[in-house]
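Note sheet for the following structure.
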Amino acid sequence: MSQPVERMAMTRFCAFLALLLAAIALRPDPALADPADIEAASRGVVRVVIIGRDGEQLFPVSHGTGFAVGRERIVTNAHVVREAIEDDRLTIGIVPADGENAVYARLVSVSPRNDLALLEATEPLGLPALTIAGNPSQNGTVTSIGYPLNVDRAQGLSFSDMFRAQPPVTSTGFLSGRRPSREFDTLLHTAPIAAGNSGGPLVDQCGRVLGVNSFGAESQGSDAEFFFAISTRELLPFLRANDVSPRLNSSECRSLEVLDAEQRARETSAREAQERIARERAAAAALRTEETRRLVTYEVMESRDTKLAIAFLFLLVGAGAGGLATFAHIQKDYRLRAASGAVAVLALVGASVAWFTRPSFADIDSLVEDRLREEMEEPDTGAITPMASVSGEYTCTLDSQRSRVVGDPAEDMTFTWNEGGCVDGRTQYGLDNGEWTRVLVPASDAAVSINSFDPAAGELVMERYLLGREAMTDARAARGAYQAPSCEAGEEAARALGGNQSAITTALPSRPNERLVYQCSLSAGDLPTE
């Protein structure tokens, strides 16, 4: 009896597996974000090592993962640092992912109830703080980032290798929704984690933190594997209770490809609208020309008929006067002959003038052109002209539909601009190919920003590139090769700055991680007047 039961169970399992694979294949998935977002988030992830001491010799006892939420603040799991809490002979070490030596950390706060702990590095590391999703999705693709021990073992790494900077491991799966545990709120997902991943971030496709990986479900044979992450409902109150103001972002996670496609669609629609307007204007102009030609033709024909009638009338008068002059000559009435002769001559002259001044049909084209030119020269009181590039205070609002937001930028900003490309009287923009730009390379943050401002269009675009240590070193070296001019240096210096900045921009990745588009307008007091 056992074989039919096993066969039936196997049949059911195969059917279930087929349905599961079909559901995964048909499951709608949002457009994938740039992998650089996950790489940027990984640079804020660290290995948390519990360190023992044997004389002068240091050795790792255990390890987990953590991630930066502030300048030197690190979040991890409480169970990762439990041994160091219970044994004061043990210390906590932080090993960053990108090129720095390990440093010690002190415990700031621990919350065993929801398995969270907050550490602070004892030396500056300059780690990029990860952004936390303010309105996390309940489904979609997610990535676990951390340092699984089984990967270290597979690579043959020794315990001492834990003190060397190494990139974390990423694994991808699906978010299966919220699944509150008995004591705290968790997220259920399928992005694999193992021992050593504890305390690492679970991020969305834009690299924003959805939760803190904590534990996994036990898998028996063919059972599906699921993992749990502490949700932001637990993480955010914990951070705020410890005076950490995390970077929050509640916008939709969209790729630059989607934004660029939408922008191309808008440009195509605008171009088609302009072409349609141009065709309508051309058709209207053709109708106006045709109507003007018709009116001018009628006027010419009417003028010709009038002049011909006048010429004919003068001829009749001249003929009559000529006949009277002949009769007076026969009668030897010289006075009458002179008067009637003069009338006859004047009538002939009048007839000639009327005949030769009548408009020709060949004049219609030139008359139509003159008439149309007069119409075009009439003042247009309803036209709207674009705003000139003028100095003044601009108020800018973030256009969320055209922006790709990864961090937590300002929704509104205000700055002053002058025609020489100076912002707030202290930051000179470079002029290159008619565009005002300024490349900002900070000394501490691992990000290069390119700000572009078009005062005529009222548009400010800020693009941020989240770079690794080597790329930031190169960018800082290129920035140190030139001196930015002061705002009083003039147009020639602004053009030189525009050329110097190209040494940085040409070395940047093809796409930024973040693009912020602001719509700007002049304050009422700075608007141009007639």
Side-chain angles (χ1 to χ4, degrees), residues 37 40-46 48 65-78 80-81 92 94 96-98 103 105-137 145 184-185 187 199-204 206-214 229-253 396-398 400 403-415 440 442-447 449 462 464 466 513-514 516 518:
D37 293 330
S42 298
R43 287 191 285 272
V45 176
V46 299
V48 179
T65 304
F67 60 93
V69 291
R71 177 60 62 180
E72 306 300 337
R73 295 294 179 93
I74 308 293
V75 163
T76 187
N77 283 148
V80 169
V81 296
I92 304 172
I94 299 295
D98 197 8
V103 301
R106 70 179 184 87
L107 184 65
V108 176
S109 179
V110 63
S111 176
R113 180 192 66 81
N114 49 16
D115 197 22
L116 290 173
L118 183 65
L119 309 176
E120 183 175 49
T122 57
E123 298 179 29
L125 289 175
L127 295 172
L130 273 65
T131 300
I132 298 176
N135 185 25
S137 173
I145 308 176
F184 55 90
D185 194 72
L187 299 175
L202 179 73
V203 301
D204 64 12
C206 284
R208 300 176 299 193
V209 176
L210 300 173
V212 183
N213 281 317
S214 182
I230 303 164
S231 77
T232 55
R233 294 189 178 190
E234 302 285 347
L235 175 61
L236 289 175
F238 173 73
L239 293 177
R240 289 166 179 154
N242 289 283
D243 299 323
V244 176
S245 299
R247 299 177 62 185
L248 282 175
N249 186 300
S250 300
S251 63
E252 179 185 1
C253 179
C396 303
T397 302
L398 182 67
S400 59
S403 300
R404 182 172 195 266
V405 183
V406 176
D408 54 348
E411 296 289 333
D412 302 288
M413 63 175 59
T414 301
F415 62 88
L440 303 175
S444 55
D445 293 340
S449 298
M462 305 172 68
R464 296 181 70 243
L466 307 179
N513 296 87
E514 186 173 49
L516 309 177
Y518 289 87

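Of the inter-residue distances, the one linking Ser111 atom OG with Asn77 atom CG reads 11.0 Å to the nearest 0.5 angstrom. Rounded to the nearest 0.5 angstrom, Asp185 CG and Glu234 CD are separated by 6.0 Å. Between the CZ atom in Arg106 and the CD1 atom in Ile74 there is a gap of 12.5 Å [rounded to 0.5 Å].
Inspection of the Ser214 and Asp115 side chains reveals an N or O donor paired with an N or O acceptor under 3.5 Å.
Arg247 places no side-chain N or O within 3.5 Å of a backbone atom of Leu130 that could act as its donor or acceptor partner. Judged by distance alone, the side chain of Ser231 and the main-chain N or O of Arg233 form a donor-acceptor pair under 3.5 Å. For the pair Arg73 (side chain) and Val108 (backbone), a donor-acceptor distance under 3.5 Å is absent. Without hydrogens or angle criteria, Asn114 side chain to Phe184 main chain gives no donor-acceptor distance under 3.5 Å. Side-chain atoms of Glu120 never come within 3.5 Å of backbone atoms of Glu72 as a donor-acceptor pair (strictly under, hydrogens ignored). No donor-acceptor distance shorter than 3.5 angstrom exists from the side chain of Asn242 to the backbone of Val244, with no hydrogens or angles considered.
Using a 4.5 Å heavy-atom threshold, the side chains of Leu239 and Val75 count as touching. Proximity of Leu235 to Val209: side-chain heavy atoms (C-beta onward) are separated by under 4.5 Å at one or more points. In this structure, Leu248 and Leu236 have side chains that are in contact, with non-hydrogen atoms separated by less than 4.5 Å.
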Starting from the C-alpha separation in whole Å, work towards a yes-or-no answer on salt bridge (Lys or Arg N to Asp or Glu O under 4.0 Å) for Asp445 and Arg464. CA-CA 11 Å; Asp445 293 340; Arg464 296 181 70 243; 5.9 Å; no
